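Please read the structure below before turning to the comments.
All figures in this text were calculated on a predicted structure; none of them were measured in a lab. Below, read A as the first sequence line, B as the second, and so on, with proteins coming before strands; counting in each chain starts at 1.
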Amino acid sequence: MSAADPTQMSTLATPSVAAQMRKRRAAERRFRAYGRAAVAFSMAALAWLLISIVSTGASAFTQHWVTIDLNIAAQDAEVPNDRRRLSDAMARFFDVPADAQTRRELLQIVSASAATADLRAGDGDAGSVRLRVPASDLMDQYLKGHIDPALPEDQRKITDRQVEWIARLDSQGRVSRQFNRGLFANPDSRDPERAGLASAIFGSVMIVLIASALALPVGVGAAIYLDSFAPQTGWGGRLTRFVEVNINNLAAVPSIVFGLLGLAVFINFFGLQRSIPLVGGLVLALRMFPTIVIASRAALGVVPASLTDSALSLGASRMQAVFNHRVPLAAPGMLTGSIIGMAQALGETAPLLMIGMVAFVTAVPTSPMDPATALPVQIFLWSGSAEAAWAERTSAAIITLLVVLMIINGVAITLRERLQRRRKL
Amino acid sequence: MNDPVPLYMLIIIAALMVGAYRIIYGRAARLVVPSLPGPTQARAQPRHHARFAAALTGLMGVTVYLIGLSLRADAPSVGMDGLWLLALIILPTLPIALSISNVRLDFAARSYVERLAETGLMLLALVALLTTFGIVASLVFEATLFFRDVSILEFLFGIQWSPQTPIRAGGEGQSGAFGAVPVFAGTFFIAGIAMLVAGPVGLMVAIYLSEYASTRTRAVAKPAIEVLAGIPTVVYGFFALISVGPAIRDTAAWLGADVATQSSLAAGLVMGVMIIPLVSSLSDDVIRAVPQSLRDSSTALGATKSETLIRVVFRSALPGIIGAFLLAISRAIGETMIVVMAAGRAANLTANPFEAVTTVTVQIVALLTGDQVFDSPRTLAAFALGLVLFVITLLLNFGALAVVNRYRTRFE
């Protein structure tokens with residue numbers, strides 16, 4: 001330590017050596033600063049990503065609802081056009097003339113599709129109807145403060161009249177802000193205020209379950225074979241090494257190529273339908289397979305060979321020695337690796353695009369043969385729309401996905417710790 | 001399910017297997033247990049007899065099942081299903097009968113069932129080969145169809161990419177429409193930008209965290225960087241679309257330049273951030289593998305820590321680091337969602353990072369999510385691009401594996 005002391009060095013060294021030492025120390029400090037900068041850059045990028053998504057998406061977990069009392073006049077009941085009936089009644093409610101421009105503006109402040117659906121569901125008779133519907137994306141964004149009313153009217157999407165109507169509704173206590181159940185309970189929709197993740201969540205759950213049900217046993221079995229049974233010498237050994245290289249390569253093949261495989265084999269060759277969770281599950285099973293094999297082999301590799309050897313020396317067969325003594329010890333690691341593989345499959349998007357899971361699905365799938373989307377694909381679909389309301393929903397979907405992934409990874413880690421601790425006792 | 005029959009048939013097979021297990025177990029137990037305890041002539045336990053019987057029954061059942069499934073694939077009918085059901089119930093009784101006659105003290109059921117199990121495990125391992133074969137076969141098959149319409153030289157060296165133009169047979173539009181050079185150029189350009197970010201940053205993160213950082217810094221930074229690795233790529237794509245792209249546009253506007261939100265810079269930067277954890281964890285492994293004695297000798301000669309790291313550790317870990325970089329490049333080239341969402345679709349041949357370029361993966365997505373007609377040159381072109389992508393990433397992976405493997409044995 002004392003040799004590194006600069007004061008001592010300078011008394012011993014000539015001025016030129018001292019100058020050189022100063023330069024070398026400066027280089028050392030610079031190098032350290034580069035390292036610190038690299039770490040800071042990565043953490044800043046992560047922070048920027050999380051903050052930008054949470055700040056856009058957090059407000060989508062609540063939604064404004066409006067209650068309006070509409071007086072459906074007798075002559076209106078004859079009008080076949082639901083939107084016309086609704087806008088006429090709303091014009092009466094707000095006491096404004098029902099010209100074309102006003103009608104358009106009126107329909108922009110409540111969820112027109114939800115309101116007309118409720119009107120249709122009612123008896124359609126003349127009289128007073130109380131409607132409780134989601135606010136339109138425009139009104140919702142305005143009330144959440146995402147639209148600045150201080151801007152001149154022609155620079156914002158909301159008109160002065162609409163602002164005034166909303167204020168009137170608000171002062172009458174007709175607007176309430178509540179937890180956005182629709183975000184999780186509704187299927188996809190063209191209207192942001194009614195669009196939800198239900199079909200995507202069901203689709204994702206089915207896809208991941210099918211993929212895990214296929215890839216887990218196959219992957220773990222393949223790993224056990226390669227670890228304990230595969231021939232190591234001669235032609236068999238060559239084949240073993242070829243399979244191992246193959247698996248390592250498969251793990252690094254771009255996921256979109258697996259999508260092309262699924263399109264060519266499952267859809268074109270076997271004639272399965274597009275955009276169904278069954279095909280998605282099959283494709284992601286192939287994608288997960290190498291990950292699970294690699295993780296399971298790593299878990300098996302750390303089990304000491306002496307355990308299997310002692311079982312063998314007591315007369316157990318190879319199969320008994322491996323399955324009764326080697327596999328149980330590796331099980332926690334294999335489980336963790338498999339769960340992390342599942343988490344990766346849950347976030348996988350590109351292969352699902354290839355097999356047509358980008359369809360606009362407005363029904364919640366009930367079986368693996370129904371068209372569905374998946375959570376990441378829904379994020380991709382919603383991200384394509386420019387309106388602020390869609391960006392908000394997309395971010396909320398991303399938050400949902402990230403929370404689910406966090407839970408899955410957390411479960412994987414705690415499970416491993418628990419199981420390993422129990423093994424040691 | 002639209003057709004529940006196949007599902008019922010599987011349930012029947014499972015029931016038959018359970019039945020076989022129970023019948024044989026009972027018989028074998030009556031035979032073997034009286035000879036216990038003490039020296040016995042029995043060469044297998046009852047459960048081995050039972051497992052062997054169940055395995056044979058299952059094999060027979062699955063065979064019949066698959067044959068039936070393929071026969072009725074075209075025209076399912078009630079008569080066909082009846083025949084199938086009959087075969088499925090009668091044929092598996094053969095292995096059960098065989099197993100009953102095999103319940104003898106000198107029948108080594110254990111070795112048979114274990115041999116069966118081992119074969120089964122081997123078949124599972126061969127799924128890997130099957131997958132690779134499937135990928136190669138499907139890509140090559142569809143790409144061959146494509147190269148019947150468009151010459152392979154045109155595809156690899158043409159500089160005009162506009163698959164949207166309808167192709168008239170023998171017409172002028174055919175030549176040049178599928179020249180993929182701009183697409184490849186865009187791919188490598190964005191991957192290059194990503195590596196400019198991920199290479200130095202990932203490497204420095206690995207060095208700093210393993211050599212310099214305090215325990216407290218490491219406890220915070222390491223998990224944070226692992227979180228970066230766990231974020232789905234579609235999230236990065238959205239981040240590039242709503243945050244990084246507009247930030248670049250606004251910065252450029254502030255400097256007086258006009259830049260679109262979709263630029264190769266935005267896509268490349270975000271992709272670089274995505275790859276940082278890959279580079280840093282792979283480099284960390286190779287840096288750790290450098291023997292302590294090398295560092296000690298360098299320190300003993302008076303080198304500072306950074307001099308040791310740069311001149312000794314980095315230099316001896318170089319092959320491994322090159323391998324890590326190759327894997328990272330392969331990952332960047334195959335990455336899809338970020339570029340689909342943030343890079344653009346127009347095929348520009350440009351080296352300006354503020355312009356939108358397109359990549360192989362973007363074009364595959366664009367070609368296959370548009371129209372639904374298969375076998376048109378448009379959709380087949382996606383498979384040709386996929387083949388190129390597969391070959392490039394395969395070469396990079398092989399190169400990386402070869403370099404890393406040679407490096408691994410260097411210090412042993």
Side-chain angles (χ1 to χ4, degrees), chain A residues 24 27-28 31-32 34-36 38-39 41-43 45-46 48-49 52-53 56 218 221-222 224-226 229-230 243 246-250 252-254 256-257 260-261 263-265 268 286 289-290 317 319 343 347 349-350 353-354 358 367 369 376 379-380 383 391 394 398 401-402 405 409, chain B residues 1-2 110 114 117-118 121-122 124-125 127-129 131-132 134-135 138-139 142 200-201 204-205 207-209 212 221 224-225 227-228 230-235 238-239 241-243 273 276 304-307 327 330 334 336-337 341 361 364-365 368-369 374 383 386 389-390 393-394 397 401:
Chain A
R24 287 173 64 194
E28 169 77 24
F31 190 72
R32 202 182 270 245
Y34 293 150
R36 220 171 273 140
V39 174
F41 174 81
S42 320
M43 309 250 300
L46 177 66
W48 186 16
L49 188 150
S52 81
I53 282 170
T56 357
V218 177
I224 292 174
Y225 180 79
L226 291 173
F229 296 101
V243 171
N246 220 305
I247 287 173
N248 281 332
N249 263 316
L250 272 184
V253 165
I256 194 170
V257 171
L260 289 173
L261 169 73
L263 177 61
V265 172
N268 280 349
L286 293 177
F289 169 74
S317 68
M319 192 64 68
T349 323
L353 297 185
M354 294 294 95
V358 281
S367 91
M369 306 297 273
I379 292 169
F380 170 63
S383 73
T394 314
I398 288 176
L401 178 64
L402 289 182
L405 287 178
N409 282 309
Chain B
M1 290 268 186
N2 344 12
R110 189 180 87 175
E114 287 184 351
E118 203 179 316
L121 287 178
M122 187 186 73
L124 296 184
V127 168
L129 289 187
T131 312
T132 311
I135 290 176
S138 58
L139 290 181
E142 309 282 357
V201 173
M204 283 314 290
V205 164
I207 291 176
Y208 186 79
L209 286 187
Y212 286 109
I225 284 161
V227 168
L228 277 180
I231 292 175
T233 54
V234 69
V235 177
F238 188 67
F239 174 56
L241 191 67
I242 65 154
S243 298
V273 170
I276 288 173
T304 64
K305 201 164 187 180
S306 63
E307 283 164 351
L327 280 180
S330 136
T336 309
M337 293 321 293
M341 291 161 86
T361 47
I364 294 177
V365 170
L368 286 180
T369 50
F374 217 73
F383 284 92
L389 183 68
F390 179 71
T393 52
L394 196 69
N397 296 340
L401 281 180

Checklist entry - Roughly how far, to the nearest 0.5 Å, is the CG atom of A:Asn248 from the CG atom of B:Leu401? => result 6.0 Å
Checklist entry - Given that the side chain runs from C-beta out, which part of A:Leu405 has a heavy atom under 4.5 Å from chain B: side chain, backbone, both or neither? => result side chain
Item to check | Contacting region of B:Val127 [heavy-atom separation from chain A under 4.5 Å] | outcome: both
Item to check | Residue part contacting chain A, namely of B:Met341, when any heavy atom lies under 4.5 Å | outcome: side chain
Next on the checklist: Restricting to non-hydrogen atoms, name the atom on B:Ser243 and the atom on A:Trp48 that form the minimum distance, rounded to 0.1 Å.
Outcome noted: O-CZ2, 3.9 Å
Checklist entry - How close do A:Arg24 and B:Thr304 get, heavy atom to heavy atom, and via which atoms? => result NH2-N, 3.8 Å
Next on the checklist: Quick check: do A:Phe229 and B:Met122 have side-chain heavy atoms less than 4.5 Å from each other?
Outcome noted: no
Next on the checklist: Quick check on A:Phe41 against chain B: is it the side chain, the backbone, both or neither that has a heavy atom closer than 4.5 Å?
Outcome noted: side chain
Checklist outcome for this item: All heavy atoms of A:Gly221 vs all of B:Leu124, minimum pair found to be CA-CD1, 3.7 Å
Checklist outcome for this item: Shortest non-hydrogen pair, A:Met43 vs B:Ala221, comes out as SD-CA, 3.7 Å
Checklist outcome for this item: Rounded to the nearest 0.5 Å, the CE atom of A:Met319 sits from the CZ atom of B:Arg110 at a distance of 10.5 Å
Next on the checklist: Would you compute the distance between atom OG of A:Ser52 and atom CZ of B:Phe238 and round it to the nearest 0.5 angstrom?
Outcome noted: 8.0 Å
Checklist outcome for this item: B:Val205 and A:Ser42 have their tightest heavy-atom pair at CG2-OG, 3.6 Å
Item to check | Shortest non-hydrogen contact between A:Ala38 and B:Met204, atoms and distance | outcome: CB-CB, 3.5 Å
Checklist entry - So, do A:Asn249 and B:Thr132 sit near enough that their side-chain heavy atoms are less than 4.5 Å apart? => result no
Checklist outcome for this item: Given the options B:Thr393, B:Leu139, B:Ile364, B:Thr336, A:Val257 meets side chain to side chain contact (heavy atoms under 4.5 Å, CB included) only with B:Leu139
Next on the checklist: Quick check on A:Leu46 against chain B: is it the side chain, the backbone, both or neither that has a heavy atom closer than 4.5 Å?
Outcome noted: both
Checklist entry - Would a 4.5 Å heavy-atom cut-off, applied to side chains only, mark A:Leu260 and B:Glu142 as touching? => result no
Item to check | Options A:Ala230, A:Ala252, A:Ala343, A:Ala27, ranked by heavy-atom pairs under 4.5 Å with chain B, top entry | outcome: A:Ala252
Checklist entry - For B:Thr361, is it the side chain, the backbone, both or neither that has a heavy atom under 4.5 Å from a heavy atom of chain A? => result both
Next on the checklist: Please identify, among A:Leu226, A:Asn409, A:Val265, A:Val243, the residue contributing the most non-hydrogen atom pairs under 4.5 Å to chain B.
Outcome noted: A:Val243
Checklist entry - In Å and rounded to the nearest 0.5 Å, what is the OG1 to CG distance from B:Thr131 to A:Leu261? => result 7.5 Å
Next on the checklist: To the closest 0.5 Å, what do you measure between OH (A:Tyr225) and CD (B:Glu118)?
Outcome noted: 6.0 Å
Checklist entry - Checking heavy atoms, do the side chain of A:Leu250, its backbone, both or neither come under 4.5 Å from chain B? => result side chain
Next on the checklist: For B:Ile135, which atoms come within 4.5 Å of any heavy atom of chain A: side chain, backbone, both, or neither?
Outcome noted: both
Checklist entry - If you tally heavy-atom pairs under 4.5 Å against chain B, which of A:Thr394, A:Leu401, A:Ile247, A:Ile53 wins? => result A:Thr394
Item to check | Contacting moiety of A:Phe289, where chain B heavy atoms sit under 4.5 Å | outcome: side chain
Checklist entry - Rounded to the nearest 0.5 Å, how far apart are CG of B:Leu121 and CD1 of A:Ile224? => result 6.5 Å
Checklist entry - A:Pro376 versus chain B, heavy atoms under 4.5 Å apart: side chain, backbone, both or neither? => result both
